[in-house]
Amino acid sequence: MRSWIDVATLAHTKNLNGGLVARAASGLPLLLSEGVRVALVPPVLDAPRDVTVARVVPRSEDEALVFFEEVETADVAELLVGCHCLMRRDEVDLSSSDVASDLPSWEGWSVHDVRAGHVGEVEAVEDRPLQPLLVVARPDGSPALIPLVEEFVVSIDEDARRIELDCPAGLLDL
């Protein structure tokens with residue numbers, strides 16, 4: 001999986017011609033464009049696993065209506081809702097200023113969980129294939145590895161350099 005990067009999630013169908021609303025993933029801008037080939041995961045029975053982007057209609061900075069050459073009906077599109085679009089890492093320019101600036105620089109920030117309280121200080125934000133990973137140094141010196149996904153982030157206070165999370169039960173025990 002290290003050779004692939006998650007660039008978008010297919011959120012829902014939009015029309016009868018197989019259009020899907022795609023949302024940017026992994027803290028990246030929306031990288032889907034005409035001619036781009038992506039793998040869809042998890043694989044779905046009776047649906048294509050590799051698709052080519054036929055057309056992209058931007059809706060916002062991180063969302064677009066996307067049409068794939070291999071998806072021609074709403075029925076097939078419906079099967080793909082919830083899938084992630086993976087691109088080969090070597091086809092994604094992660095060094096561009098737009099992409100690099102989207103990965104936060106939170107080293108030294110304080111991390112708190114709504115149930116566990118103070119977790120520790122951010123050591124790094126690592127770019128991973130499915131989502132960025134927050135590496136937190138706990139007070140005892142052991143690392144806490146926390147997927148950096150919207151569902152876990154409660155708030156980010158830039159002035160206080162504090163990140164408030166709502167981690168699933170047991171995640172901080174790993």
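A quick note: this is a predicted structure, and the numbers were derived from the prediction, not measured. We use all heavy atoms of the structure for the numbers below, so side chains are in, but hydrogens, waters and symmetry mates are not. In this chain, residues are counted from 1 in sequence order.
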What are the two closest heavy atoms between [X] and [Y], and how far apart are they?
X: A8; Y: L32; answer: CB-CD1, 3.8 Å
X: E107; Y: A124; answer: OE2-CA, 3.8 Å
X: S33; Y: V53; answer: O-CB, 3.3 Å
X: L40; Y: P48; answer: CD1-O, 3.7 Å
X: W109; Y: I163; answer: CE3-CG1, 3.8 Å
X: G19; Y: A77; answer: O-CB, 4.4 Å

Quiz prompt | Set of salt bridge (Lys or Arg N to Asp or Glu O under 4.0 Å) partners for E78, sequence neighbours left out | solution =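 For E78, no residue satisfies salt bridge (Lys or Arg N to Asp or Glu O under 4.0 Å) once neighbours in sequence are set aside.
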Practice problem: Please name all residues satisfying salt bridge (Lys or Arg N to Asp or Glu O under 4.0 Å) with R162, sequence neighbours left out, ordered by chain then number. | Solution: E164
Interatomic spacing from [atom1] in [X] to [atom2] in [Y] - rounded to 0.5 Å:
X: W106; Y: I156; atom1: CH2; atom2: CD1; result: 3.5 Å
X: N17; Y: R55; atom1: CG; atom2: CZ; result: 8.0 Å
X: H84; Y: T9; atom1: NE2; atom2: OG1; result: 4.5 Å
X: L10; Y: L79; atom1: CG; atom2: CG; result: 12.0 Å
X: F152; Y: L165; atom1: CZ; atom2: CG; result: 9.0 Å
X: L20; Y: L80; atom1: CG; atom2: CG; result: 6.0 Å

Quiz item: Are D62 and S60 close enough, and set up right, to give a side chain to side chain donor-acceptor pair (under 3.5 Å), and what steps lead you there?
Solution: CA-CA 6 Å; D62 63 350; S60 69; 3.3 Å; yes
Quiz item: Do the side chains of V57 and V7 join up, straight or via other hydrophobic residues, at under 4.5 Å, putting them in one cluster?
Solution: no
Exercise. Indicate, with yes or no, if V44 and V21 share a hydrophobic cluster defined by side-chain heavy-atom contacts under 4.5 Å among Ile, Leu, Val, Met, Phe, Trp and Tyr.
Key: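 No, V21 does not connect to V44 through the hydrophobic network.
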Quiz prompt | From CA spacing to verdict: side chain to side chain contact (heavy atoms under 4.5 Å, CB included), V136, E123 | solution = CA-CA 5 Å; V136 179; E123 282 187 347; over 6 Å; no
Quiz prompt | side chain to side chain contact (heavy atoms under 4.5 Å, CB included) between V135 and V122, worked out | solution = CA-CA 6 Å; V135 181; V122 176; over 6 Å; no
Side chains of residues 167-174: which donor-acceptor partners sit under 3.5 Å, not counting sequence neighbours?
none

Quick one: does [X]'s side chain get under 4.5 Å of [Y]'s, heavy atoms only?
X: E126; Y: P132; answer: no
X: L86; Y: V38; answer: no
X: R138; Y: P143; answer: no
X: V41; Y: C83; answer: no

N/O donor-acceptor pairs under 3.5 Å from side chains in residues 67-76, not counting sequence neighbours:
residue : atom : partner : partner atom : Å
E70     : OE1  : T52     : N            : 2.9
E70     : OE2  : R37     : NH1          : 2.9
E70     : OE2  : T52     : N            : 3.4
T73     : OG1  : V76     : N            : 3.3

Quiz item: Can you name the side-chain hydrogen bond (donor to acceptor under 3.5 Å, both in side chains) partners of E121, sequence neighbours left out?
Solution: none
Quiz item: How would you list, by chain and number, every residue that makes a side-chain hydrogen bond (donor to acceptor under 3.5 Å, both in side chains) with D166, sequence neighbours excluded?
Solution: R115
Practice problem: Check M87, E91, R89, R88 against W4 for a side-chain contact (heavy atoms from CB on, under 4.5 Å) and give me the one that passes. | Solution: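 Going through M87, E91, R89, R88 one by one, the side-chain contact (heavy atoms from CB on, under 4.5 Å) with W4 is satisfied by R88 alone.
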Practice problem: For the pair D140 (side chain) and S142 (backbone), establish whether a donor and an acceptor sit closer than 3.5 Å, ignoring hydrogens and angles. | Solution: yes
Exercise. Return yes if a side-chain donor-acceptor contact under 3.5 Å exists between N15 and T13, otherwise no.
Key: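 Looking only at side-chain atoms, T13 and N15 do not form any donor-acceptor pair under 3.5 Å.
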Quiz item: Given V36 and L31, is the side chain to side chain contact (heavy atoms under 4.5 Å, CB included) satisfied, shown in steps?
Solution: CA-CA 9 Å; V36 168; L31 298 173; over 6 Å; no
Practice problem: Tell me, yes or no, whether the heavy-atom count around L145 atom CG, taken from other residues, nucleotides or ligands under 6.0 Å, exceeds 12. | Solution: yes
Exercise. Decide side chain to side chain contact (heavy atoms under 4.5 Å, CB included) for K14 and R59; before the verdict, give the C-alpha distance in whole Å, the side-chain angles of both, and the deciding distance to 0.1 Å.
Key: CA-CA 12 Å; K14 186 61 180 166; R59 296 176 59 163; 3.9 Å; yes
